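Worksheet for the structure shown next.
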There are 2 protein chains.
Amino acid sequence: MGASQRSGAVDKRRLILDAAITVFARQGFHHCRVSDVADEAGVAYGLVYHYFDSKEEILNELFLERWQIMLDAIAEIDRLGEVPARDKLYMVASFIIDSYRHQPDLMKVIIVEVTRAANSFGRIHLEKIREAYAGIAEIVESARREGVFKPDISAEFAAMCFYGAIEQLLSGWIFDLLPQTEEQYEGAKGLVVDAICGGLEVSKSGAQPVSG
Amino acid sequence: MGASQRSGAVDKRRLILDAAITVFARQGFHHCRVSDVADEAGVAYGLVYHYFDSKEEILNELFLERWQIMLDAIAEIDRLGEVPARDKLYMVASFIIDSYRHQPDLMKVIIVEVTRAANSFGRIHLEKIREAYAGIAEIVESARREGVFKPDISAEFAAMCFYGAIEQLLSGWIFDLLPQTEEQYEGAKGLVVDAICGGLEVSKSGAQPVSG
DNA sequence: CCCCGCGTTGACTGACGAGTCAATCCAGTG
DNA sequence: CACTGGATTGACTCGTCAGTCAACGCGGGG
C-alpha cells in the first residue's frame with residue numbers, strides 16, 4: 001500500500017478511510033451500510049472489499065492509525081526531563097483536545113465506537129487503550145516519587161481520573177452538551193489540569209517530606 | 001402492567017427485562033438476537049413482542065428505570081442542608097459505585113450501550129443524562145457560592161470532570177483494567193472525591209475571600 | 001499488437017434476524 | 001359448560017446488508 005497506485009491517481013484506500021470517518025461519525029458504525037461509505041468516497045462498492053477485509057477492519061484501521069499517534073505523543077512527553085508533571089499533563093490534555101479540535105469526526109468515531117464499546121470490538125484494543133493509561137500513569141508516578149503528588153492516590157487511579165475527565169469533555173462536545181469554541185477548547189486544557197492536579201498535588205501549606 | 005399477571009405467575013415482563021440485562025451485558029446490544037433474550041428468559045420469542053414494541057424499547061426501559069433512580073438519589077442529596085459539598089459528592093460517588101457493585105451487568109449495559117453511545121440511541125436520552133450533570137453541578141455551585149470551591153472552575157465543567165472520572169472507573173472495572181474487590185470499590189469512593197475535590201477546593205493555606 | 005495483472009465496477013447472493021401473526025392455552029365469569 | 005380475552009407459542013415473512021464474483025478498463029512490457 002501507499003506507493004502502489006498509478007501516478008496521478010488518488011489513493012483510493014485513503015479516500016475510503018476518510019469517507020468512513022465521515023459516515024461512521026454521522027450515522028454510527030452499526031447504523032451505516034458499507035455502501036454508504038463507498039458512496040461517500042465516490043467509489044464502487046466492491047472496491048471497499050479490495051482494500052479491506054471487512055467493515056470492521058476499516059474501523060480497526062482508523063483506530064490503530066490515530067491511537068498510535070497519541071501513544072507516541074504521550075511517550076515523547078513522558079521522556080521529557082526537567083518538566084514538571086503538571087506541565088506534562090497539560091501537554092497530554094492539549095494533545096487530545098487538539099486532536100478533537102482538528103479531527104472531531106475521527107475522534108468521535110474512536111471514542112464512541114471503540115474506546116467506549118466494551119463488547120466485541122473494543123475488547124481487541126484493550127491492550128492499546130491500557131497503554132495510554134500506563135503512559136499517563138508514568139507521568140503521575142514520577143511526580144509521586146518526587147513528592148509533588150500525593151502518595152496515597154495510586155498513579156493508575158489518577159491516570160484513569162485524568163483521562164476520564166478529558167474523555168468526558170470530548171463527549172460533552174460530541175453530544176453538544178458543552179459549547180464548542182476555540183476559547184472553550186483552550187480554556188478546557190488548563191481547567192482539566194487545574195481540577196485534577198489541584199487534587200493530586202500535596203497542599204501548598206505543608207509540603208510532604210520525600211520519604212526514603 | 002405490574003398487577004396484571006395471574007396470581008402465582010411470575011411477572012414475565014420483568015423476567016424478560018432481567019434476561020435482557022444479562023444478554024446485553026454479555027453479548028452487547030447489537031450483537032445479540034431477540035431470540036437470545038427470549039431464550040435466556042425461558043420464554044417464547046413472540047412474548048417479547050407482547051410486552052415490548054421493539055428490541056430498542058427494552059434497552060430504553062432498562063435505562064430509564066435505573067437512571068431515574070439515580071436522578072432521584074442525586075436530587076435528594078442536593079436537598080440536604082448543612083452537609084459539606086465534599087460529603088455530598090462522596091454520597092454521589094458512593095451511590096454510583098454501589099450501583100455497579102450490586103448490578104454490574106445493568107450498569108455495564110447503561111454505560112456502554114446508552115450513556116456512551118452518541119449515535120442514534122443515546123441521543124434520545126441526552127436530556128436525562130444532562131439532568132444528572134446538572135444535579136452534580138448544583139452541589140458544586142453551592143460550594144462555589146460559599147467560597148469552598150474555586151470560583152474559576154465552572155460548576156458544569158467540574159461536574160463533567162467528576163462524573164467522567166467515576167464513569168471511567170466503572171469502565172475500568174467493566175473492561176477488567178482495574179481489580180474488582182470490595183476494598184477497591186470502597187476505596188475508590190474516597191479517592192475520586194479526594195482527587196477531584198482536592199483540585200476544586202481552594203488551597204488550605206490562604207482561603208479565598210468570598211467575593212460579592 | 002497482444003497479453004498480463006492490478007484497479008475498479010456493481011449486480012447478485014446468502015444469511016441473518018427483527019418483527020408478524022394465526023393458533024393455542026387457560027383463568028375467570030355467568 | 002360455553003364464552004371471552006389476555007397470555008403464550010414459534011413458524012414464517014420479508015427487508016436488509018455484508019461480502020462475493022465475473023467482467024471490464026487500462027497502463028505497461030515484451
Side-chain angles (χ1 to χ4, degrees), chain A residues 1-24 26-63 109 113-114 117 119-121 124, chain B residues 1-24 26-63 109 113-114 117 119-121 124:
Chain A
M1 70 118 157
S4 65
Q5 70 270 184
R6 293 197 259 277
S7 66
V10 236
D11 183 347
K12 294 289 177 71
R13 189 187 142 90
R14 186 74 254 163
L15 216 55
I16 292 169
L17 282 172
D18 289 342
I21 293 173
T22 305
V23 175
F24 290 171
R26 186 174 56 217
Q27 304 169 232
F29 180 76
H30 288 287
H31 290 72
C32 77
R33 289 158 294 195
V34 173
S35 66
D36 293 333
V37 175
D39 289 352
E40 179 76 29
V43 134
Y45 185 90
L47 195 61
V48 174
Y49 286 91
H50 178 72
Y51 288 109
F52 303 94
D53 288 340
S54 68
K55 190 184 177 189
E56 280 212 345
E57 205 199 279
I58 302 175
L59 181 53
N60 203 27
E61 184 73 19
L62 289 175
F63 169 76
V109 170
E113 310 290 353
V114 185
N119 297 296
S120 59
F121 197 71
I124 315 172
Chain B
M1 60 114 166
S4 64
Q5 71 263 191
R6 293 196 258 276
S7 66
V10 237
D11 184 347
K12 294 290 178 68
R13 188 187 142 89
R14 186 74 254 162
L15 216 55
I16 292 168
L17 283 171
D18 290 341
I21 293 172
T22 305
V23 174
F24 291 172
R26 186 175 55 218
Q27 303 169 234
F29 180 76
H30 288 287
H31 289 71
C32 77
R33 289 157 295 195
V34 173
S35 66
D36 293 333
V37 175
D39 290 350
E40 178 76 27
V43 134
Y45 186 91
L47 195 62
V48 174
Y49 286 92
H50 178 69
Y51 288 110
F52 303 95
D53 288 341
S54 67
K55 190 185 177 188
E56 280 213 345
E57 205 200 278
I58 303 176
L59 181 54
N60 202 28
E61 184 72 21
L62 289 175
F63 170 77
V109 169
E113 310 291 352
V114 185
N119 297 296
S120 60
F121 196 72
I124 315 172

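In what follows, chains are A, B, ... by sequence order, proteins preceding strands, each numbered from 1. The figures that follow rest on heavy atoms only: side chains count, while hydrogens, waters and symmetry mates do not. It should be emphasised that the depicted structure is a prediction, and the values quoted were computed from it without experimental measurement.
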Nucleotide N/O to protein N/O under 3.5 Å, stretch nucleotides 21-23 of chain C:
none

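For the side chain to side chain contact (heavy atoms under 4.5 Å, CB included) test, residues two or more places apart in sequence or in another chain that qualify with Ala41(B) are Ile16(B), Ala19(B), Val43(B). Annotation: side chain to side chain contact (heavy atoms under 4.5 Å, CB included) contacts of Arg33(B) (sequence neighbours excluded): Ser35(B), Asp36(B).
The nearest whole Å value for the distance from the CG atom in Asp36(B) to the C1' atom in dC16(C) is 12 Å. Atom P of nucleotide dA11(D) and atom CG of Asp39(B) are separated by 12 Å, given to the nearest angstrom. Here dG17(C) presents its C1' atom at 14 Å from NE2 of His30(B), a figure rounded to the nearest Å. In this structure, Glu56(B) places its CD atom 8 Å from P of dG19(C), rounding to the nearest Å. Taking atom CG on Leu59(A) and atom P on dA18(D), their separation rounds to 13 Å, with Å as the unit. The distance from atom OH of Tyr51(B) to atom P of dG6(D) is 12 Å, rounded to the nearest whole Å. Rounded to an integer number of Å, the gap from CD1 of Ile16(A) to P of dT8(C) is 8 Å. Arg14(A) places its CZ atom 17 Å from the P atom of dG7(C), with the value rounded to the nearest Å.
Taking all atoms of both residues into account, the shortest heavy-atom contact from Ile21(A) to Leu62(A) is CG1-CD2, 3.6 Å. Nearest heavy atoms, Glu57(A) versus Phe52(A): OE2-CD2, 3.6 Å. Phe24(B) and Ile58(B) make their closest contact through CE1-CG2, 4.2 Å (heavy atoms, listed as atom of the first residue, atom of the second, distance). Nearest heavy-atom pair across Glu113(B) and Gly28(B) is OE2-CA, 3.4 Å.
Closest to the Tyr45(A) side chain, of the nucleotides dT8(C), dA18(D), dG19(C), is dA18(D). The side chain of Leu47(A) approaches dG7(C) more closely than any other nucleotide in the set dG7(C), dT9(D), dA18(C). For Ser54(B), the listed nucleotide lying nearest its side chain is dG19(C); candidates were dT9(D), dG19(C), dA18(C).
Residue contacts shown for Val48(A) are absent, as no nucleic acid heavy atom lies under 4.0 Å away.
Note on ring orientation: taking the six-membered ring where Trp is involved, the planes of His30(A) and His30(B) are parallel (angle under 30°, cut-offs 30° and 60°).
For dT8(C), the OP1/OP2 oxygens have no side-chain nitrogen or oxygen of His50(A) closer than 4.0 Å. OP1 or OP2 of dT8(C) has at least one side-chain nitrogen or oxygen of Lys12(A) nearer than 4.0 Å.
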